[in-house]
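Structure, as structure tokens:
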Amino acid sequence: MINEELAAVFDEIAVLIELGEDNPFRARAYANAARTIRSLPEDINMMEANGSIASVKGLGKELRSHISEYLASGKITLKDTLVAAIEPGLIEMLRINGLGPKRIRAIHEALQIQSINALADACRDGKVAALPGFGPKSAANILKNIEFLQEQQAYVRLDIAAAALQSVIDELKQFPLIKMISAAGSVRRRKEIAHDLDAVASVAKEEDRAAVMDAFTHVSAAQEILAHGLTKSTILLRAGIKMDLRVVTEDTFATALLHFTGSKESNVALRSLAGKAGMKINEYGVWRGEERLDIVDEAGVYAALGLAYIEPELREDRGEFEAAANNILPNLVTEADVKGPLHCHTNWSDGAASLEEMAEGARALGYMYIGICDHSQAAAYAHGLSPADAARQHKEIDALNRKYGAAFHIFKGTECDILKDGALDFDNDTLASFDFVVASIHSAFQQSEEEQTQRLLRALSNPYVTILGHLTGRLLLQREGYSVDIPAILSAAGKRGVAVEINANPQRLDLDWRWHKTAAQLGVYLPICPDAHTVAGLKDVAYGIGAARKGWLETKHIPNTWDTETLRQWFLKTRSAARG
DNA sequence: GCCGTTTTCGGCCCGACTGTTTTCAGTCG
């Protein structure tokens with residue numbers, strides 16, 4: 001995808017400018033351009049050809065000329081010039097916490113250090129401590145942060161982050177001086193991976209803050225105190241994740257929560273909007289001129305700016321302010337809207353629970369139905385079902401459905417492998433025996449983008465495919481997804497009436513939420529599928545809901561928020577439409 | 001490098017914490 005490639009080059013240029021010169025705003029312009037390009041609704045080649053690129057905010061004359069150069073030649077000369085002028089080791093050093101461009105340049109100019117390892121040595125033998133503006137504590141901190149960088153993962157998955165954050169919050173809730181406490185940061189925004197954890201707490205009186213901070217820095221999960229102030233402290237949890245707590249008085253809790261929920265980009269945009277309206281917003285309140293407004297909750301902050309309430313998941317500066325101003329924000333799907341989980345495994349293939357246990361698990365969660373999708377025969381590693389196995393499983397499902405009657409329904413599905421050439425792993429007669437078919441790739445990940453795209457397009461042309469499973473095959477922080485032309489697949493899926501799942505397993509969250517809005521605009525339905533292999537795995541639906549909300553989705557986009565009969569009709573329609 | 005109801009120059013979100021200073025720069029979120 002050319003937009004992503006170009007955005008990546010602009011990100012690199014932003015970093016190079018940060019290290020190379022003193023104008024942070026120029027670097028920011030490139031970083032903003034990268035973000036803008038990532039959220040463009042269409043191929044940038046097209047937008048350049050039809051001239052619509054000229055009206056995109058944040059892409060001025062200079063940036064547009066770089067874009068033209070890249071589209072014509074595949075490179076940007078400015079980047080080569082910057083690369084030639086900067087030691088590659090310095091870019092690496094930006095990853096060291098507490099070390100920014102200014103101090104990296106100072107160290108490099110004084111000591112000619114070019115790598116992180118050389119920097120660690122210079123910290124150990126006192127050379128860094130002797131530099132003007134540095135001292136023994138700076139050197140020790142840099143060394144500590146280098147060690148942290150080399151030992152720890154910089155990010156953790158949402159499920160791990162959310163659990164760690166909740167356990168600290170639960171512990172702090174026992175502390176009587178804390179009046180209110182809430183998760184904030186990227187976990188509250190339901191981002192798929194987290195860099196660190198944030199929480200905001202309120203106290204009745206300013207003098208209570210010190211005791212609260214003492215409690216926080218000594219919670220049972222704390223391993224080390226990294227910063228300890230009256231309003232902000234940072235600890236390192238034993239799980240290897242950093243956590244910030246902000247403590248404010250009750251009258252500033254709403255603005256503090258808004259501020260520390262972020263994202264940074266949405267805060268910048270919000271404050272810029274406030275400035276234009278003659279107002280000022282910070283974590284301590286909202287001012288119109290000299291007057292501090294009486295704000296009781298986050299909605300009050302948005303209302304003061306004439307905006308509808310923006311849910312935390314949407315706060316990424318991806319068009320939510322414009323939608324809030326025009327009162328056209330989406331009516332976001334909620335967990336309570338989901339009527340049943342599709343794409344669930346049983347011990348017929350690689351699941352841990354029986355068919356009946358999975359059905360009972362879904363019933364216990366209040367669902368109206370469940371879609372069972374065990375693996376197909378090619379997935380030998382997962383004990384994939386043969387056509388005969390599938391027929392026997394269907395008899396068991398029929399028996400259970402007779403027992404449940406109108407109270408609950410099990411839909412017969414399969415997670416059918418898409419073979420290397422794009423053919424499906426079952427013949428059409430077998431596929432026709434299921435209510436719906438999830439088609440997924442589980443092999444030959446190394447094919448080129450062109451091959452992988454053709455493979456998926458061929459699978460899409462099979463009239464029995466209802467849903468494409470985990471479109472890119474990514475495993476967050478473990479494995480990149482295979483390369484595939486996502487817009488081409490979404491466009492074809494929309495035309496053909498095939499859905500693309502939001503795999504709700506927190507290791508996957510695939511299709512990525514950044515594509516959801518585009519997919520919905522192309523007419524693609526996006527069911528939330530837990531890919532559950534255990535009864536407990538059914539609860540992963542919550543992560544899928546988080547992703548769908550980040551992707552601006554409503555119930556009309558998500559078939560498994562519909563009732564049993566509507567879903568059944570949709571399965572039938574998808575199939576008959578494809579057969580003409 | 002971008003932008004404009006304070007419009008072609010001068011801003012660009014804004015405050016906390018740390019370490020090194022002795023009033024502030026750098027970094028972070």
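No hydrogens, no waters, no symmetry mates; every other heavy atom, side chains included, goes into these values. Chain naming here is simple, since letters A, B, ... match the order of the sequence lines and numbering starts at 1 in each.
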Examine [N]: is either OP1 or OP2 under 4.0 Å from a nitrogen or oxygen in the side chain of [X]? Give yes or no.
X	N	answer
Tyr284(A)	dA16(B)	yes
Arg28(A)	dC13(B)	yes
Ser272(A)	dC12(B)	no
Asn23(A)	dG1(B)	no

Take atom [atom1] in [N] and the same atom in [M], then report the distance between them in whole Å.
N	M	atom1	value
dC17(B)	dT22(B)	P	23 Å
dT6(B)	dC12(B)	P	15 Å
dT21(B)	dT27(B)	P	15 Å
dG1(B)	dT5(B)	C1'	23 Å
dG15(B)	dG10(B)	C1'	23 Å
dC13(B)	dG29(B)	C1'	11 Å
dG26(B)	dT20(B)	C1'	11 Å
dT8(B)	dC3(B)	C1'	10 Å

Donor-acceptor side-chain pairing of [X] and [Y] below 3.5 angstrom:
X	Y	value
Ser266(A)	Glu320(A)	no
His516(A)	Arg549(A)	no
Glu171(A)	Ser220(A)	yes

- Partner of Glu224(A) under side chain to side chain donor-acceptor pair (under 3.5 Å), chosen from Lys242(A), Arg238(A), Lys144(A):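 Only one option passes, and that is Lys144(A).
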
Gap between atoms [atom1] and [atom2], on [X] and [N] respectively (whole Å):
X	N	atom1	atom2	result
Asp244(A)	dG15(B)	CG	C1'	13 Å
Asp196(A)	dC28(B)	CG	P	12 Å
Leu273(A)	dC14(B)	CG	P	13 Å
Ile96(A)	dC28(B)	CD1	P	10 Å
Lys137(A)	dG19(B)	NZ	P	5 Å
Leu63(A)	dC3(B)	CG	P	9 Å
Glu265(A)	dC28(B)	CD	C1'	14 Å
Ile104(A)	dA25(B)	CD1	P	20 Å

- Task: Let me know which of Lys550(A), Arg508(A), Arg514(A) forms a salt bridge (charged side-chain N to carboxylate O under 4.0 Å, His left out) with Glu192(A).
- Result: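 Single salt bridge (charged side-chain N to carboxylate O under 4.0 Å, His left out) partner of Glu192(A) among Lys550(A), Arg508(A), Arg514(A): Arg514(A).
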
Tell me what [X] touches on the nucleic acid: a base, only sugar-phosphate, or nothing, going by heavy atoms under 4.0 Å.
X	result
Leu99(A)	sugar-phosphate
Lys276(A)	nothing
Ile17(A)	nothing
Asn267(A)	nothing
Lys264(A)	base
Tyr30(A)	sugar-phosphate
Pro132(A)	nothing

- Should the ring pair His66(A) and Tyr30(A) be called parallel, tilted or perpendicular, given that the plane angle runs from 0 to 90° and is split at 30 and 60?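 Tilted.
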
